[in-house]
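Order of the sequence lines sets the chain letters (A, B, ...), proteins ahead of strands, with each chain counted from 1. Since the model is a prediction, treat every value here as computed from it, not as a measurement.
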Amino acid sequence: MHELAISQQITKVVLNKAREQGAKKVLRVGLEIGELSFLNPEQVEFWVKRSFEQTIASPAKISIKVIEPQIRCEVCGYVGKLKVENEPMYYTFLPLFSCPKCNNSKIEIERGRECLIKRIKLLV
Amino acid sequence: MHIVDSKEGEIFDIELEESLLEKNRELARSNRIILDEHGILAIDVMGAIGSGKTSLIQRMVGNLTGKYAIAVIAGDLTTTIDADRIKAEGAEVIQVNTGKECHLDAYLVKNAIAELPLEKLDLLFIENVGNLICPGEFPLGSHKRIVVISVTEGPYMVVKHPYIFMDADAVVINKIDLSEAMGVSIAQLERDALKIKPSIKVVKTNCITGEGVDSVIEALDI
């Protein structure tokens, strides 16, 4: 729900970086968004594109890599995917915040909550 | 600083790793340090609009006044009527809402904390904005997070918003007296919450009568 605000921040960071390097154009912006963040990548892409309009970043190609969650169980040491249940009744996926091996909820979410600007390609 | 000597027409590929959520997390950590230095336990109360966050806080303040010095950061679209209700129970209330934000963030909470008489306080309730999505992304520096839902929101409140329970220590199912009228199974809501997060504490309340409020206090180890 806060995609617009995040996208404006992304724009600010990208344009500042471009300015620092004396760039003429921003050619590409690579983002990473975790599945467990509360962000919809499609909306982020739309708003970033919109915020880039009439700036040197307007030709930039935006790519978003969606990061799958990775958890670590503090009890049995399991490292891997989060168990997600398919609930056809609700047309939704239900993430289970417990260890798929020992069912403990003492889990550390190692990946999947990020919102990163991973790389920027500039024409100088 | 990284200085690059650039030539005309050159293309730069910069690895950045700039995290957009990290600033909030940093501020949340510094809020926590301030709270810990003053020995204050902070509880972030999240929940949908109308689920009963204010009523629950009012009841908890009522039950705990005398035992602790309490403050409330009212971040939901709390009216002065609500704030007055809580003040009447004996807590300091600070309003931080403008009526526009969809969540509190660590920055707003930092400013609110700065206005509180920290030396005098033991307990702080932070009422988040009524929303089951955005607040989940923004830790505030609280020690515990609870989610308030109520049966009047329908039977699917938990399964529709599983991510909000990711960091929650307890879920409060409120308005239990209305479950029959609403045709909503409290047991099913409880099963859903425990399925998503087996360690979550589930407490059932009626914040109008105060039923179950002491169990919330117990579940939070206050």
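Contacts of B:E115 classified as salt bridge (Lys or Arg N to Asp or Glu O under 4.0 Å), with partners at least two apart in sequence or in another chain: none.
Within the 4.5 Å cutoff, the side chain of B:K197 has no heavy atoms near those of the A:L96 side chain.
When the shell of 6.0 Å around CD of A:Q54 is examined, it contains 12 or fewer heavy atoms from other residues, nucleotides or ligands. Within 6.0 Å of NZ on B:K204 lie no more than 12 heavy atoms contributed by other residues, nucleotides or ligands. Other residues, nucleotides and ligands contribute at most 12 non-hydrogen atoms within 6.0 Å of the CZ atom of A:R50. Within 6.0 Å of CD in B:E26 there are more than 12 heavy atoms belonging to other residues, nucleotides or ligands. Atom NZ of B:K110 has 12 or fewer neighbouring heavy atoms from other residues, nucleotides or ligands inside a 6.0 Å radius. The environment of B:I49 atom CD1 is sparse: at most 12 non-hydrogen atoms of other residues, nucleotides or ligands sit within 6.0 angstrom. Heavy-atom contacts from other residues, nucleotides or ligands closer than 6.0 Å to OH of A:Y78 number more than 12.
Interface with chain A: from residues 36-44 of chain B, no residue qualifies, criterion being any non-hydrogen pair under 4.5 Å. Residues of residues 25-34 of chain A lying under 4.5 angstrom from chain B, judged on non-hydrogen atoms, are A:L27 by number. Along residues 102-113 of chain A, the residues that come nearer than 4.5 angstrom to chain B, judged on non-hydrogen atoms, are A:N103, A:S105, A:I109, A:R113 in order of number.
Between the CD atom in A:E114 and the OG atom in B:S19 there is a gap of 8.5 Å [rounded to 0.5 Å]. The distance from the CD1 atom of B:I196 to the CG atom of A:L94 is 4.5 Å, given to the nearest 0.5 Å. The SG atom of A:C115 lies 5.0 Å from the CG atom of B:L21; values are rounded to the nearest 0.5 Å.
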Would B:M166 and A:L36 satisfy side-chain contact (heavy atoms from CB on, under 4.5 Å), going step by step from the backbone distance to the final call?
CA-CA 9 Å; B:M166 190 157 45; A:L36 295 179; 4.0 Å; yes
Please test A:Q9 against B:K23 for side-chain contact (heavy atoms from CB on, under 4.5 Å), starting from the C-alpha separation and ending with a verdict.
CA-CA 11 Å; A:Q9 269 191 64; B:K23 187 72 200 159; 6.0 Å; no
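The contact between B:D167 and chain A is made entirely by side chain atoms (from C-beta outward), counting heavy-atom distances below 4.5 Å.
Among the candidates A:L123, A:L116, A:I117, the residue making the largest number of heavy-atom pairs closer than 4.5 Å to chain B is A:I117.
Between A:F38 and B:H103, the ring center distance fails the sub-6.0 Å criterion.
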